[in-house]
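Presented below is the structure to which this report refers.
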Amino acid sequence: MRIFSGIQPTGRKHLGNYIGAISQYVDLQEQGDPAIYCVVDLHAITVKYDPAELRERLYDTTAILLASGLDPEDCILFRQSDVPEHTELTWLLAGTATSHGDLNRMHQFKEKSVKQRELVSAGLFFYPALMAADILAYNADLVPVGDDQRQHLELARQIATNFNNRFGDTFTVPEWRIPEVGARIMDLKNPDQKMSTTSDNPAGTVYVLEDPKAIEKKFKSATTDSGSEVRRALDKPGISNLIEILSVVSGRSMEQVEADFEGQQYGSFKVAVAEAVIEYLRPVQEKYSELRADEAALEAALGAGAEKASAIAGPIVAAARDKMGLGRPVA
Ligand code: ATP
Ligand code: LTN
């Protein structure tokens, strides 16, 4: 089973990214044939950014992934812009298999475009076509992601199907893998919104590398709902989110968490969640600094990953080009 996923080089990965995506990457790396993980710097250029900063954040993200347990012996870890097939295939798919109307329906574009102060780039609109190219260039069977990427994956499946219908069987139509618990970790301050790097209130987002004292403070000040029972309910999004977080980080079911905190106050429950999250992130934080300090080693790992990635994507994109009647005919 071929596995592929991408993660943005924002550097400041948060608890939602970790629970929804990174922990799945680690769980799946030995099952992949191979498992391929890509730090998607080409996606990051679609909003305002600083070139030197982008390189730094790419190293941060790579070091977080390695500190979380990705092992370049077990998976392919690489930087998207090192493998030009991603950009080429984006255009091939955009020209023939991607409908403008479908791109126009993407929620993430609508949300992100209103947040842009200056240019709303055409690249931001094209973002899901690049994401489809990432996946299809490897004929991936399975794509581990958080819940917010469901619509983009539906589009990737549609693009693969459109291409295959028009040019003959070329691409695998990928399946997604969205975890049952933890696929949508909510903002601690606004539990109606997903936890995000770009949220309005920094107190609502817990970062993987954040200092334990700061993590504790954020959980203590998390928005909770009226009522006092530690129990999930539709009108209790704050408490429900904390129950879900504690369930994942402590390996207990949500029912078990509710039973364990029966009769306890919100205050002591929040402290328990904070402590469990701090312990959960501690091993990653401990390994991170050493890995991040050695940029040459990070570059070497990414370079080796890019070679392995190119060896897979090259022939797949060449076959697509040939079927489209482009380039010198393949004999
Ligand atoms: P953000 O909104 O925080 O900037 P993102 O979704 O734009 O994150 P990435 O960092 O590339 O960008 O996301 C990596 C993975 O994390 C994706 O698979 C995404 O689905 C997942 N993810 C993002 N936010 C959450 C969340 N709140 N809960 C669970 N998974 C999430
Ligand atoms: N769009 C995703 C990141 C991403 C991705 C991918 C995920 C880019 N390419 C391919 C899975 C497969 C995001 O915003 N989180």
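Start at 1 with the first residue, then count along the sequence. Just follow the structure's listing: the first ligand is 1, and inside any ligand the first atom is 1. Keep in mind that the numbers below use all heavy atoms, side chains included, and drop hydrogens, waters and symmetry copies. Keep in mind it's a predicted model, so treat the numbers as computed, not measured.
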Have a look at ligand 1 and work out which part of [X], if any, has a heavy atom under 4.0 Å from it: side chain, backbone, both or neither.
X: Gln8; result: both
X: Lys13; result: side chain
X: Met186; result: neither
X: Ser5; result: neither
X: Ala21; result: side chain

### Query
Does ligand 1 have an atom under 4.0 Å from some heavy atom of Ile19?
no
### Task
For Thr198 and ligand 1, answer yes if some heavy atom of the residue is under 4.0 Å from a ligand atom, otherwise no.
no
### Query
Identify the closest protein heavy atom to atom 14 (O) of ligand 2: which residue and atom is it, and at what distance?
Tyr127 OH, 2.6 Å
#### Entry: Taking atom 3 (C) of ligand 2 as the reference point, the nearest protein heavy atom with its distance
Gly6 O, 3.6 Å
### Query
So, His43 versus Phe126, ring centres under 6.0 angstrom or not?
no
### Query
Hey, is Leu130 touching ligand 2 through its side chain, its backbone, both or neither, going by heavy atoms under 4.0 Å?
neither
### Task
Using a 4.0 Å heavy-atom cut-off, say whether Asp148 meets ligand 2 through its side chain, its backbone, both or neither.
neither
Are [X] and [Y] close enough for a salt bridge, meaning some N to O gap below 4.0 Å?
X: Glu244; Y: Arg232; value: no
X: Glu279; Y: Arg282; value: yes
X: Glu255; Y: Arg252; value: no
X: Lys220; Y: Glu216; value: yes

### Message
Parallel, tilted or perpendicular: which one describes the rings of Tyr138 and Phe4, with boundaries at 30° and 60°?
### Response
parallel
### Geometric class of the Phe269/Phe261 ring pair [parallel <30°, tilted 30-60°, perpendicular >60°]
perpendicular
### Side-chain (Lys270) to main-chain (Ala222) donor-acceptor, under 3.5 angstrom
yes
### Message
I'd like to know if the side chain of Arg79 reaches the main chain of Val39, judged simply by a donor and an acceptor atom lying under 3.5 Å from each other, with no hydrogens or angles considered.
### Response
no
### Query
Do Tyr59 and Glu299 get their side chains close enough for a donor-acceptor pair, meaning under 3.5 Å?
yes
What are the atoms of ligand 1, with element, lying closer than 4.0 Å to any heavy atom of [X]?
X: Thr197; answer: 1 (P), 3 (O), 4 (O)
X: Val145; answer: 18 (O)
X: Gln149; answer: 6 (O), 20 (O)
X: Gly20; answer: 29 (C), 30 (N)
X: Gly182; answer: 29 (C)

### Task
Working to the nearest 0.5 Å, report the span between CG of Leu242 and CE of Met186.
12.0 Å
### Task
Say whether Tyr25, considering both its backbone and side-chain N or O atoms, lies within less than 3.5 Å of an N or O atom on ligand 1.
no
